[in-house]
Amino acid sequence: MTVQRPIDAAQPGVDAVTTRAPKAVKLENVSVVFGRGEKAVTALAPTTLDLEKGAFLALVGPSGCGKSTILKLVSNLLAPSSGVVIVGGKEAKAKALKVGMAFQNPTMLPWLSIERNVMLPLKIVPPYCHRFRAERKGEFRDRVHALLDKVGLTGFGDHFPWQLSGGMLQRASLCRALIHEPDLLLLDEPFGALDQFTREELWAILQDLYLDRRPSVILVTHDLREAGFLASRICVMSPRPGKIISDRAVDIPRPRDIGLIYQPAFVEMTQELRALIAQVRK
Amino acid sequence: MTVQRPIDAAQPGVDAVTTRAPKAVKLENVSVVFGRGEKAVTALAPTTLDLEKGAFLALVGPSGCGKSTILKLVSNLLAPSSGVVIVGGKEAKAKALKVGMAFQNPTMLPWLSIERNVMLPLKIVPPYCHRFRAERKGEFRDRVHALLDKVGLTGFGDHFPWQLSGGMLQRASLCRALIHEPDLLLLDEPFGALDQFTREELWAILQDLYLDRRPSVILVTHDLREAGFLASRICVMSPRPGKIISDRAVDIPRPRDIGLIYQPAFVEMTQELRALIAQVRK
Amino acid sequence: AQDLTPVRFTLGWKTQGSDAPFLLALSKGYFREEGLDVTIDQGEGSAATVTRIMGGAYDAGFGDINAIIQNAAARPGEAPVMVYQLWNRPPFAIVVPKSTGIETVADFEGRTLGGAQGTPTTRMWEVFAKRNGIDMSKVAIENMAPNLQEPMMIRGQIDGAFVFNITSWFNLLANRQDPAADYNWFSFEDYGMDLYSNGMMVSRAMLAEKPEVVAGLVRAVNRATLEVAQDQDAAVEAIVAFDNLVNVDIERQRLVFSLTNLMNAPEGATLGMGDLDDERLTRSIGIVAEGYGLERAPEASEIFDRSFLPPLEDRKLTVAIN
Amino acid sequence: MDDELSINIASAALICGFFALWEVLCLLLGVSDLILPRPSDIVATLIDRFPVLWPHILQTLYTTLVGFALGVGIGVAIGVLIGVSRIAYGVAYPLLVGFSSIPKVAVVPIFVLWFGSGTTPAILTAMVICVFPIVVNIATGLATTEPELEDVLKSLGASRRQILWNVGLPRTMPYFFASLKVAITLSFVGAVLSETVASNRGIGNVMMSASSNFDVSLVFAGLMILAALGVALYVVFSMLERRVTGWATRKNDFAVT
Amino acid sequence: MDDELSINIASAALICGFFALWEVLCLLLGVSDLILPRPSDIVATLIDRFPVLWPHILQTLYTTLVGFALGVGIGVAIGVLIGVSRIAYGVAYPLLVGFSSIPKVAVVPIFVLWFGSGTTPAILTAMVICVFPIVVNIATGLATTEPELEDVLKSLGASRRQILWNVGLPRTMPYFFASLKVAITLSFVGAVLSETVASNRGIGNVMMSASSNFDVSLVFAGLMILAALGVALYVVFSMLERRVTGWATRKNDFAVT
Ligand SMILES: Nc1ncnc2c1ncn2[C@@H]1O[C@H](COP(=O)(O)OP(=O)(O)OP(=O)(O)O)[C@@H](O)[C@H]1O
Ligand SMILES: Nc1ncnc2c1ncn2[C@@H]1O[C@H](COP(=O)(O)OP(=O)(O)OP(=O)(O)O)[C@@H](O)[C@H]1O
Ligand SMILES: [Mg+2]
Ligand SMILES: [Mg+2]
């Protein structure tokens, strides 16, 4: 069911499908070092990574290995210390793609209600921003509420962020990443604070959405089943300073059903990944 | 191996062991309502809960059901809208017990280094606070560093909170909850942002600590294996407005080994819990 | 109304009874009759009048001739020119409470006097001391704002003050003192310093470019001055019309004080109102030059211009208090 | 809220107590009304002279508000500039600090020389005097904005202007309102200052002529009016503040829970 | 850092440009030196008269700093009180706003009458004038402290005083330093103001006598000295600020990454 290919991080494994597809994201020998001199911390060792357009990549690795750093590089929140980051064919700062990002810490603007927070991308990102004034109490509002309903936050649109529980905030943050139908979806542990059932529901929702619009996705997660269920490719990172030490495809046909995760082949794949991670930890 | 007893939330199930033991925490018909009038949100339906001295209670339940609210009640960060919260035999605000709390969001004071953040309880809580000035660069500092080493944060003591990754912050936050050897430990999803291996390491560390000093613990978690591995009692909550709908003992002898979680009996217990939660979600 | 010439005029201080000539000329339309549209603003001190005019914000004003002397010395050809002298006697005086036991100028030695910096009284102290044989080094001078002098004197924090009698007299009254019975007044004119003081001055520019306007101003003010000396009721009316905040009683008394103590110099009988004695002016220029340490003593003609004065018979001041 | 009400009553009582204490101390210590009149004197004067004072109050309120509005506009603009640009920070801050260390009394005569006396210099003084506190607080607010909040917009490819509007400025509101409280009182001081130097109208002019006549209770009546106007505007801003920065002060909502 | 250096150079150049512009405009427009002297005039006067000015500078610096230090102490105390207690908020704020709306020129004479002329009233004026901005910013900082941060200490059973010391005050430091910048400039204004009203020493006194001598360039030399002192103290506080509130402005560290 899956093919594991231990690969050189500098020349990531490329299978037949992926070589032909145009690239949504390209990291070429990108490294990130914070601080200088003695106190310098290498957050990311030189890393090369391609993401084909429409691919769903899961990024797993031990705490502090640089997963969030990679997402920040791709969304141009961070400039690489070396190497280049190409997004949608241009340098990351050109913002060639419509990006949606769910942060690890679901940062909401505290002065805006949940509804207004979730609506933010529609205010900023073209083409929505042109219609924002006209639609913010009409179509856009309905759209936000429909999405909030989907993730189980019905009726919390007019609450303020501090009135929500941790898991609820995380769901709102996911909505904010999705509302403007981005071409490139960056999700940093978007389900970490959720119970298993809510989580599985959201997996299904995310998968539907992916199948529907085929954005390119990078999902950071600690849950191997989550990675296996959602992703078409799983990259495993080494401990800090991290680099990608394994890159494997997940060739399970979509739509995938939640029952999948109890199937022996699937369990076997997660066990394999687990073993791999256990090995690199030493 | 485990006994499931569906129970009336107003009269929680009490087994032979627990009735005799003195209570560390008692919630009597406690409810929490935020806001008033039309906009009122019931965060916690009337709940009654006892925690025996030295017990390890895990609290599981769907997102937004009021788990964090219960912890806030016990640590007196929140006053109940009805009912009383007794901690260590006195009302919660009397602070009769030495409390250590790890928040769901690992809030660090941004102007203090990690070392100083972790050291905070030693500055505040007697008897440490009396020696704080003398020891903060001596014994206390060593103690903090030993703990940071244990959770894998060696060398990060002089970093500032924003220089750490999400999972690293969470580990620092756990250290802060443990550093002053509290009598009552309140942990709100302390391992949510960690990968499975780091998580399991920390489970072991926490279990050692528990066996060593026998504090009373309330652990909020979404991970049923985590609950089963660590706790001696698991309470399941219903969706918002939450109340406790199941209270079961986990009679596995300690010290428990990590291999346990693959044993069929353990898996069966988690499946049972899972089924129960699935049922109450409807 | 279109052909009226606008004139910006500044008083020497906040509205006071002694401003009556200008305010009466305004309220009775004397300026208007001369083809002038005069706007009167309150001032920040009779010396500042000179700066205000030199700065170009005002064309004319009521201010101190000694400030003109001072500026004319440093900036010949820029300082305004006095065209109508009103106060022929100086208001400069040192006032001391009788309780201090100071009876003669010699008694100042060993005492503390308070003065507002830069007022002519304070600045002339050096000359005053020299002319009257006082050892200056034995007199302590403390600087303070003018309106603090009387209270500090009353509280005994200073032994005496350098003042304008027309101001201090009424300040003492307002402080419930009896300025006549309980205070000794050392008037500068009695100690060899017969300086001139306030009058109407105009800018050099106006003097050069619009002499007819200056003449009109002088005519109107002269007319009002003579009237004020006869009819203080009308004067007070004009004052209140300009500023309804004033204390009518006090300003009326102040007006009378100015008429009887400042505007009635002996030389007035021969020179008429508005004119001055060149010799006396030259002498006072010398005093000022000495007091202020001026680099040069300007000519009297730089300071005063009598060419706009109406004929002498139209400038006979007869004071009748009613 | 009952709690709210009782706190308001207690506050009002204490403020009244302050004036009562003043009255009693003046009586007991026999303080001359030429130095410090009793509140009852002042109020009597106030009521007595109110018809005459009224146009002056309006004048001062007018110049203050116009100057304040201009000052706020300029202050926010400079503050944003300083908060956003390193060069502006290096240039504008020293110049502003230097200028603010200069007593405005020294500047008013220059305004008068340029613009004549009256309304214009009063407005200008009210304006220049209140710019600096606003600049400082806006700049500090912007500089201390959490990068995480900005990242939310940056990740969407927002322009710097959009980030400023949607994150920087809202986040800075608590700082801004704090500075408004200081700025409005300074504006009053500035307008009055200018009126004392050069104007035929306004509370400043009233106080100056009153003080040159030693009409001390009228001077204090003027001060009382200024204080009252200041407090009235403060109340207006407070209400606005509660609406706009409620999110930042939520702590207080729970102090009473 | 090279970047830092070039920004500093650019800032210095622009500030010099400001003075050059002033010089050139004065020359071109033929502004009388009675109204606005040229910087070159002022500097010449400054150098020329420096030996005479020196003791006055020291006097003003002394009164300002003492008054400022007292003002900061009182301001922080009242600010904490207001930030912590609802009643103090209701009582102290209106009284302070009222008092601050009063021009201090009106208050100085009272100080002089009570304490004599000279150093004491200057210190007192410098003190009272700088209290309000500090109070407002401290109170706002405390009021906007995130409850989550306080919860960290509350959960440990910390007393209100401990929470204040360990969370409230550190969190308020950016607000505090912002207010210090405003307060120090106000302190200068206050001290100088008092010196112009009643003192034989100090820059205020120098400026008063210069202006009565129509020595405008000496007046402006005094203003320049005040501005320079203000900037010097601002630099000191800035350095302190960078050390103390670096955590709050980390954004800027990365602007240059
Ligand atoms: N601003 C910063 N300054 C200095 N070091 C930083 C900074 N941000 C991150 N780091 C360091 O970079 C490393 C990688 O951080 P990153 O947030 O990418 O980890 P992560 O893989 O997301 O971990 P986690 O799973 O715990 O979230 C960490 O060791 C961290 O200490
Ligand atoms: N300050 C508040 N004001 C209003 N409502 C609040 C507030 N805090 C929490 N709530 C509500 O109380 C409910 C319970 O919150 P709580 O944080 O206890 O949930 P939780 O069980 O911890 O959920 P999660 O697993 O998502 O963290 C939520 O529905 C939330 O909306
Ligand atoms: Mg991360
Ligand atoms: Mg929670």
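In what follows, chains are A, B, ... by sequence order, proteins preceding strands, each numbered from 1.
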[X] portion near chain E, given a 4.5 angstrom heavy-atom threshold:
{"X": "D/Thr140", "value": "side chain"}
{"X": "D/Met207", "value": "side chain"}
{"X": "D/Ile87", "value": "both"}
{"X": "D/Leu36", "value": "side chain"}
{"X": "D/Phe177", "value": "neither"}

So, taking the atom named [atom1] in [X] and the one named [atom2] in [Y], what distance separates them when rounded to the nearest 0.5 Å?
{"X": "E/Phe132", "Y": "D/Leu186", "atom1": "CZ", "atom2": "CG", "value": "9.0 Å"}
{"X": "D/Phe19", "Y": "E/Leu95", "atom1": "CZ", "atom2": "CG", "value": "6.5 Å"}
{"X": "D/Ser101", "Y": "E/Ile203", "atom1": "OG", "atom2": "CD1", "value": "12.5 Å"}
{"X": "D/Ser179", "Y": "E/Asn137", "atom1": "OG", "atom2": "CG", "value": "8.0 Å"}
{"X": "D/Tyr89", "Y": "E/Ser11", "atom1": "OH", "atom2": "OG", "value": "10.5 Å"}

D/Ile9: partners by side-chain contact (heavy atoms from CB on, under 4.5 Å), with sequence neighbours left out: D/Leu5
Contacting region of E/Trp114 [heavy-atom separation from chain D under 4.5 Å]: side chain
Chain E contact residues among residues 228-236 of chain D, heavy-atom distance under 4.5 Å: D/Gly230, D/Val231, D/Tyr234
Any D/Phe188 side-chain heavy atom under 4.5 Å of E/Val97 side chain: no
Of the non-hydrogen atoms in [X] and [Y], which two are nearest, and what is the gap between them?
{"X": "E/Val189", "Y": "D/Ile102", "answer": "CG2-O, 3.8 Å"}
{"X": "D/Thr144", "Y": "E/Pro174", "answer": "CG2-CB, 3.9 Å"}
{"X": "E/Leu223", "Y": "D/Pro103", "answer": "CD2-CD, 4.2 Å"}

Single hit among E/Leu193, E/Val105, E/Val192 for side-chain contact (heavy atoms from CB on, under 4.5 Å) with D/Val105: E/Leu193
Residue pairs, two or more places apart or on separate chains, that pass salt bridge (charged side-chain N to carboxylate O under 4.0 Å, His left out) and touch residues 91-107 of chain E: none
Residue pairs passing the salt bridge (charged side-chain N to carboxylate O under 4.0 Å, His left out) test where at least one lies in residues 176-188 of chain E, sequence neighbours excluded: E/Lys181-E/Glu241
Most contacts with chain E, counted as non-hydrogen pairs under 4.5 angstrom, among D/Ala13, D/Ser238, D/Ser187, D/Gly90: D/Gly90
